[in-house]
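See structure below.
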Amino acid sequence: MPASPLILAKRFALFAALWLVLTAGALDGLPFGAAAAAAATWTSHRLLPADRDRLRLHRLPAILPRFLWGSLSGGLDVAARALRPRMPIRPGWVRYRSALPAGLPLVALGGELSLMPGTLAAGTREGDLLLHCLDVGADVVSSVAVEEQRIRGLVAP
Amino acid sequence: MIADAVTVLLIGAGLFFFVAGTVGFVRFPDVHSRLHALTKADNLGLGLVVLGAALQAPDAATVLKLVLVWLLTLAAAATVAQLLARSALEDGAP
Amino acid sequence: MIASAAFDILLCLLIVTVAVGSVAARDLFGAVALYIVYGLLLAIGWVRLGAVDVGLAEGAIGAGLTGVLLLGAAARLKAAPDPPRLRIVPLLLCLAVSLGLGAAVLSLSVPQPGLVPLVQENLAASGVGNPVTAVLLNFRGWDTLVESVVLVVALVGVWALAPDDLWDGRPGAAQRVKRDAVLNTFGRLLPPVGLMVGIYIVWIGAYAPGGAFQAGTVLAAVWLLAIMAGVAEPPPVRRPLWRALLVLGPAVFLLAGLHGTLWGAFMSFAPAKAKTMIMAIEFTLTLSIAVTLAMLVLGRPRRPA
Amino acid sequence: MTDLLYVAALVILANVAVSAWRVLHGPARADRIMGAQLIGTSGVALLVLLYLIHGSSGVLDLALLLALLAAFAAVGYVKSRSADGAGDPEVAGGEDP
């Protein structure tokens, strides 16, 4: 398939930035970095063709605070349940039909939910996300829908 | 000095989550609940340790490298959690 | 001071306990799981000993390849009957060998401070700033050359186990992976990042801990991930290009050594050219090691090409 | 400061010891791999602390390498669960491959 030069250039820039982080910007590493970034761009194009799963990375900073907050409350929640002597957990399963496209968006939602309070994804079955909940009494579905909306904001268009 | 104090606080908080994660890992009654403890608490603990270390970093590249370490671990955790949860489910765990 | 001593003591205790647990574990799976933990602790141990180069190699091998290799092997051995709990004669034999080795190491007269000053004096002539790379690629290049050949020979040995009708086929089983599911997506995302980290590790080897073996192992691991995630296919072992890749590193190493005979002696590099030659050897060796290790983990050809 | 970092490293090492007990005793195979996974994350945290103590950038590179390969043991495990060692837990149920 034809590769969009703009997307390839963006990926190359991303890998070049990664090289600069790894080498702390050492000058004599730049030729190696250019070659490495080119090889990584080619590999990423082979494995993840640019026409699918396009993410709007510039929108990432907007949802980052929410993600970090969710991650923090996820940790606090599970710590509180683990350390309380009576250990208040009521584990169970919920199936969630997501409107997100299969692939990176849906996998990212599952991964994110696994870091949020109370939910743990186990992949999909017949297109539904399988969610293990620490407390089936809580309103899981509506909080999942909120996270889904956030991921949706990252997916093109 | 202030940076040192904040580092100690952040690493201390990170340790709390590591300990809590391990307690949950030992106490929770079934495989999936244990996986909850492992995925959430430990990666939060690592994030706080990384943040504390970043305050001591000599340059910006080191800060970014520390963040990269955390991001890679998060990606691994998010993947492993889903794979192990499904694997245990297929094995018949409740 | 007390805290650092306590840390080292607890680390040593853990390493020994996990090692004993892995050897004595009643079931194969437990032994393998503990062995993965053992590799991780050992990498931290090497850091405490100031041998970060070895820690990198142990970390890459232990965390990346042995886990995949041994878990797969343990699953294949499921049908085999459990070995008897304790066999006296092998136990005594192992104990005798261990004690003999221990006695030999302890009785070695180590001229203090060893070869360290000699390496430091000649580091400038080696072409690289990392003393470990200087020893491995220049001062003691012979060993490394032969080691890189040994890896290829090991792979030929594995391939020789293929039945006649599959001898030029594809290694490993055909992967059944759900498209766009978790494993498939992870296998699309991580390999490019792993490629960058691998190239970085061989590059940094000229200045600081790193090098061809560590980098090759990382590349092998991410290639295996792509294969396990169903986004890459291992090549049939008869492909000339891939066979060339297997021997490229050792061949470049050997040619560089032969070039040295013009200057002085076999495997000696002129200081002015040493850096270029070492980098050329390191990069080609990284590729060869990556392909060889991944093919070793995949095993003998199992499918027609 | 260094002493405090060593104390922190000791706490994490104690966590590793407890998780190693889970690796040894299970009960489920998944528990053992989860223990190894937990020790992997703890190992990364330990190396970050050791980087602060030793100040050598190679230690941070080792932490980066372990973080990169953190999922490998678990991926190898879920693969080895299927009969031919080449499956995906999401197709184990036999539907929508």
Side-chain angles (χ1 to χ4, degrees), chain C residues 1 3-4 6-7 10-11 14 17-18 21 25 29-30 33-34 36-37 40-41 43-44 47-48 52-53 55-56 59-60 63-65 67-69 71-72 74-76 172-178 181-184 186 190 193-194 197 201 204 208-210 214 218 221-222 225 228-230, chain D residues 2-10 13-14 16-17 19-20 23-26 29 32-33 35-36 39-40 42-43 46-47 50-51 53-54 56-59 61-66 68-91 96-97:
Chain C
M1 276 303 96
S4 83
F7 177 80
L10 184 56
L11 182 63
L14 262 176
T17 312
V18 169
F29 187 83
L34 278 176
I36 295 170
V37 173
L40 216 114
L41 292 174
I44 294 168
V47 167
R48 289 301 289 164
V52 181
D53 288 86
L56 276 170
L65 292 184
V68 174
L69 177 71
L71 285 168
R76 282 179 161 276
Q175 304 288 323
R176 292 174 290 107
V177 178
K178 182 162 149 188
V182 178
L183 182 57
N184 187 250
F186 188 61
L190 198 71
V193 180
V197 172
I201 287 177
I204 192 79
Q214 294 88 334
V218 170
V222 289
L225 175 70
M228 290 191 294
Chain D
T2 311
D3 270 350
L4 284 177
L5 290 174
Y6 272 120
V7 171
L10 257 176
L13 208 52
V16 169
S19 317
V23 177
L24 189 63
H25 288 279
R29 291 190 164 192
R32 299 176 156 199
I33 292 301
I39 292 176
S42 310
L46 265 179
L47 285 166
L50 288 179
Y51 162 69
I53 291 170
H54 292 245
S56 138
S57 66
V59 180
D61 286 344
L62 178 52
L64 183 72
L65 189 148
L66 288 185
L68 178 76
L69 304 180
F72 276 68
V75 169
Y77 164 75
V78 297
K79 279 273 161 188
S80 73
R81 296 298 291 152
S82 61
D84 56 354
D88 176 345
E90 293 194 61
V91 285
D96 56 294

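Atoms considered below: every heavy atom in the structure, side chains included; atoms not considered: hydrogens, waters and symmetry mates. Within every chain, numbering begins at 1; the chains are lettered A, B, ... in the order of the sequence lines, protein sequences first and strands thereafter.
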Heavy-atom pairs under 4.5 Å with chain D, option from [options] with the top count:
{"options": "C:Leu10, C:Val68, C:Val197", "result": "C:Leu10"}
{"options": "C:Ala208, C:Gly55, C:Ala25", "result": "C:Gly55"}
{"options": "C:Asp53, C:Leu41, C:Leu40", "result": "C:Leu40"}
{"options": "C:Pro209, C:Gly64, C:Gly210", "result": "C:Gly64"}
{"options": "C:Ala60, C:Gly172, C:Ala43", "result": "C:Ala60"}

Say you draw a straight line from [atom1] of [X] to [atom2] of [Y]; how long is it, rounded to the nearest 0.5 Å?
{"X": "D:Phe72", "Y": "C:Leu69", "atom1": "CZ", "atom2": "CG", "value": "14.0 Å"}
{"X": "D:Ile53", "Y": "C:Arg48", "atom1": "CD1", "atom2": "CZ", "value": "6.5 Å"}
{"X": "D:Leu5", "Y": "C:Ser4", "atom1": "CG", "atom2": "OG", "value": "12.0 Å"}

Taking every non-hydrogen atom, the tightest pair across [X] and [Y]:
{"X": "C:Phe7", "Y": "D:Ala9", "answer": "CE1-CB, 3.5 Å"}
{"X": "D:Val7", "Y": "C:Ala3", "answer": "CG2-CB, 4.1 Å"}
{"X": "D:Ser56", "Y": "C:Val52", "answer": "OG-CG2, 4.3 Å"}
{"X": "D:Ala73", "Y": "C:Ile36", "answer": "CB-CD1, 4.1 Å"}
{"X": "D:Arg32", "Y": "C:Ala33", "answer": "CB-CB, 4.2 Å"}
{"X": "D:Ala86", "Y": "C:Ala174", "answer": "CB-O, 3.3 Å"}

Contact part of [X] toward chain C, heavy-atom cut-off under 4.5 Å: side chain, backbone, both or neither?
{"X": "D:Leu68", "result": "both"}
{"X": "D:Leu46", "result": "side chain"}
{"X": "D:Leu13", "result": "both"}
{"X": "D:Ala70", "result": "neither"}
{"X": "D:Leu10", "result": "both"}
{"X": "D:Leu66", "result": "side chain"}
{"X": "D:His25", "result": "neither"}

- [ ] Specify which of D:Ser42, D:Gly35, D:Ala17 makes the most heavy-atom pairs with chain C at under 4.5 Å.
- [x]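 The residue among D:Ser42, D:Gly35, D:Ala17 with the greatest pair count is D:Ala17.
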
Is [X] close to chain D through its backbone or its side chain, or both, or neither, when contacts mean heavy atoms under 4.5 Å?
{"X": "C:Ile201", "value": "side chain"}
{"X": "C:Leu65", "value": "neither"}
{"X": "C:Leu14", "value": "side chain"}

Taking the side chain as everything from C-beta on, heavy atoms only, tell me whether [X] gets closer than 4.5 Å to [Y].
{"X": "C:Val177", "Y": "D:Val91", "value": "no"}
{"X": "C:Val182", "Y": "D:Glu90", "value": "yes"}
{"X": "C:Phe29", "Y": "D:Ile33", "value": "yes"}

- [ ] Output yes when a side-chain donor or acceptor of D:Asp88 lies under 3.5 Å from a complementary backbone atom of C:Lys178, and no otherwise.
- [x]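 Checked: pair present.
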
Task: Main-chain N/O of C:Met228 paired to D:Lys79 side chain as donor or acceptor, under 3.5 Å - done: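 Pair found, side chain donor or acceptor close to backbone of C:Met228.
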
- [ ] Please say which of C:Leu34, C:Thr17, C:Val18 ends up in a side chain to side chain contact (heavy atoms under 4.5 Å, CB included) with D:Leu24.
- [x]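 Checked C:Leu34, C:Thr17, C:Val18 against D:Leu24; only one passes side chain to side chain contact (heavy atoms under 4.5 Å, CB included): C:Leu34.
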
TODO: Tell me, with the steps shown, if D:Ser80 and C:Arg76 meet side-chain contact (heavy atoms from CB on, under 4.5 Å).
DONE: CA-CA 8 Å; D:Ser80 73; C:Arg76 282 179 161 276; over 6 Å; no

